Amino acid sequence: MPHFTDKALKEIFEAYSEIWYKHIDLTIEINSFAERLQNERAKEFMLHGVSRRMFLVYRCVESIFDLFPPDRIKILKSNDRFDVEINLHAFMINIYGIIENIGLALAHENNLVGEKSQQNVHPKAINLFDRRFRRLLNPHLCAYLRKDSITQWYNQYAKNYRDALAHRIPPYVPPSTLNEEQEHKYQSLEQEIRRLHENGDYERIEERQNEQISLGRSNPLFVHSFSEKATPVYLHPQLIDDFGTVEELLKTSMANFYCESQSKE
């Protein structure tokens, strides 16, 4: 039985097929926009921060879909699953980095960087989702950043998973999903492996481990820490959702880049 319904699979593949075109258009838009900025540091954050990261984000999505198509049922080889995780980690850290780079570009272009005051923010405190920094921005951008949908995405998912990756338990893709019968078989093999290990029968241990690996089907979820009660997330839809969210965030930021006091045509 597939992980997704036929309708869901169709929607996932259609959305994925559009990402290449969106990535190209967005990169052109970012580069063109950056060239019009007056502050060189802001320009650098857009050109060499946001634009470079967008390409990495796109390549991570492409690599994951190549390694682990959403319609795949067969269990991934261990190295392929590790490569999915490597790409997932790079994807997450660069999604978060894009958010940080946008904030830094906005701050430098609007002369908001400096010692903490009513109109300045220390570089380490620049964050689009920080209430004190946000109030200095264009009102339209501020209103967008205060929307429940974007704040929940950032706090409950983007920052949560980025912090877990950087500081705690890195997100991982479980090797398989098992039904009740397969779970019992897996545990039975695990007990046998322990007995074989006590007897030093390493050849049979490998055989039993291969039997374990063959049980079940691929698992299209990722999660970080079970002890933190992290919510497992469906891999492919989340990649597409994250790409779309960052696209929306970028377009909204570029359309409302200047504070009211420095508004430009």
Side-chain angles (χ1 to χ4, degrees), residues 1-34 46-47 49-77 79-99 101-102 144 147 149-150 152-154 156-158 161-162 165 171-177 217-223 231-255:
M1 182 178 177
H3 301 298
F4 303 101
T5 65
D6 289 343
K7 179 182 178 182
L9 273 176
K10 184 173 183 291
E11 290 174 352
I12 290 170
F13 278 118
E14 285 179 351
Y16 171 63
S17 69
E18 295 174 359
I19 284 181
W20 186 85
Y21 301 100
K22 289 183 176 182
H23 150 254
I24 294 297
D25 290 344
L26 196 53
T27 300
I28 292 171
E29 188 175 347
I30 293 166
N31 292 348
S32 176
F33 177 82
M46 292 300 291
L47 283 175
V50 175
S51 186
R52 284 186 188 179
R53 290 182 189 277
M54 280 305 307
F55 178 74
L56 293 174
V57 163
Y58 160 71
R59 283 290 292 131
C60 288
V61 175
E62 184 179 54
S63 296
I64 290 172
F65 269 74
D66 285 345
L67 287 162
F68 189 3
D71 57 355
R72 181 185 174 112
I73 300 300
K74 187 178 179 181
I75 295 172
L76 294 171
K77 294 179 180 178
N79 283 343
D80 286 342
R81 184 169 57 84
F82 293 146
D83 285 343
V84 168
E85 291 177 349
I86 290 168
N87 278 280
L88 176 61
H89 293 175
F91 176 86
M92 286 181 166
I93 208 71
N94 281 290
I95 286 288
Y96 195 85
I98 288 171
I99 298 169
N101 287 161
I102 295 170
Y144 169 77
K147 286 171 56 179
S149 57
I150 190 73
Q152 287 176 9
W153 172 83
Y154 176 78
Q156 297 176 16
Y157 167 73
Y161 268 82
R162 176 268 176 195
L165 171 59
Y172 81 106
V173 177
S176 63
T177 182
R217 55 181 183 154
S218 62
N219 194 329
L221 298 168
F222 65 91
V223 69
T231 303
V233 181
Y234 275 98
L235 176 64
H236 305 88
Q238 190 64 51
L239 295 175
I240 291 167
D241 182 66
D242 290 350
F243 188 95
T245 301
V246 165
E247 178 188 27
E248 180 184 84
L249 176 59
L250 266 167
K251 287 179 176 292
T252 305
S253 297
M254 289 189 292

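In this text the structure is predicted, and so the values were computed from the model without any measurement. One is the number of the first residue; the rest follow in order along the sequence.
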Side-chain heavy atoms of Pro70 within contact of Leu9, under 4.5 Å: yes

Close side-chain approach of Val246 and Val57, heavy atoms under 4.5 Å: no

Donor-acceptor contact below 3.5 Å, side chain Arg81 vs main chain Val173: yes

Sub-4.5 Å side-chain heavy-atom contact between Leu239 and Phe65: yes

Any donor-acceptor pair under 3.5 Å from Asp241 side chain to Pro237 backbone: no

Within-4.5 Å side-chain heavy-atom neighbours: Arg72 and Lys74: yes

CD1-CD1 distance between Ile98 and Ile93, expressed to the nearest 0.5 angstrom: 11.5 Å

Test item: Tyr157 and Thr231 side chains (from C-beta on) under 4.5 Å apart, heavy atoms: no

CH2-CD distance between Trp153 and Gln238, expressed to the nearest 0.5 angstrom: 8.5 Å

Ring pair (Phe, Tyr, Trp, His ring centres under 6.0 Å) partners for Phe13, two or more places apart: none

Intermediate values then yes/no, side chain to side chain contact (heavy atoms under 4.5 Å, CB included), Leu76 and Leu67: CA-CA 8 Å; Leu76 294 171; Leu67 287 162; 5.7 Å; no

Test ring pair (Phe, Tyr, Trp, His ring centres under 6.0 Å) applied to Phe68 - qualifying residues, sequence neighbours left out: His236

Partners passing side-chain contact (heavy atoms from CB on, under 4.5 Å) against Ala255 (at least two apart in sequence or in another chain): none

Pairwise side-chain contact, Ile86 with His89, heavy-atom cut-off 4.5 Å (strictly under): no

His23: partners by ring pair (Phe, Tyr, Trp, His ring centres under 6.0 Å), with sequence neighbours left out: Phe55, Tyr58

Distance-only side-chain donor-acceptor flag, Ser176 / Asn219, under 3.5 Å: no

Check: Tyr96 ring centre within less than 6.0 Å of Tyr161 ring centre: no

CD1 on Ile99 to CG on Asn94, rounded to 0.5 Å: 11.0 Å

Contact summary for Ile73 and Arg217, nearest pair of heavy atoms: O-CB, 3.3 Å

Smallest separation among heavy atoms of Phe243 and Lys22, with atom names: CE2-CB, 3.9 Å

Interatomic distance, Ile24 atom CD1 to Glu29 atom CD [nearest 0.5 angstrom]: 13.5 Å

Centroid-centroid under 6.0 Å between Phe4 and Tyr234 rings: yes

Expected output: side-chain Asn87 to main-chain Asp83 donor-acceptor under 3.5 Å: yes

Audit row: Met46, Asn101, side chain to side chain contact (heavy atoms under 4.5 Å, CB included) steps and yes/no: CA-CA 7 Å; Met46 292 300 291; Asn101 287 161; over 6 Å; no

Main-chain N/O of Asn31 paired to Ser51 side chain as donor or acceptor, under 3.5 Å: no

Nearest-0.5 Å distance, CG of residue Asp71 to NZ of residue Lys10: 14.5 Å

Flag side-chain contact, heavy atom, 4.5 Å: Leu221 against Val233: no

Ile95 side chain near Met92 side chain, heavy-atom distance below 4.5 Å: no

Listed partners of Lys7 passing side-chain contact (heavy atoms from CB on, under 4.5 Å), at least two apart: Thr5, Glu11

Closest heavy-atom pair and its distance - Ser218, Ile75: N-CG1, 3.8 Å

Residues in salt bridge (charged side-chain N to carboxylate O under 4.0 Å, His left out) contact with Glu248, at least two apart in sequence or another chain: none

Lys251 NZ to Asp25 CG distance, which is reported to the nearest 0.5 Å: 7.5 Å

Side-chain donor/acceptor of Thr252 to backbone N/O of Leu249, under 3.5 Å: no

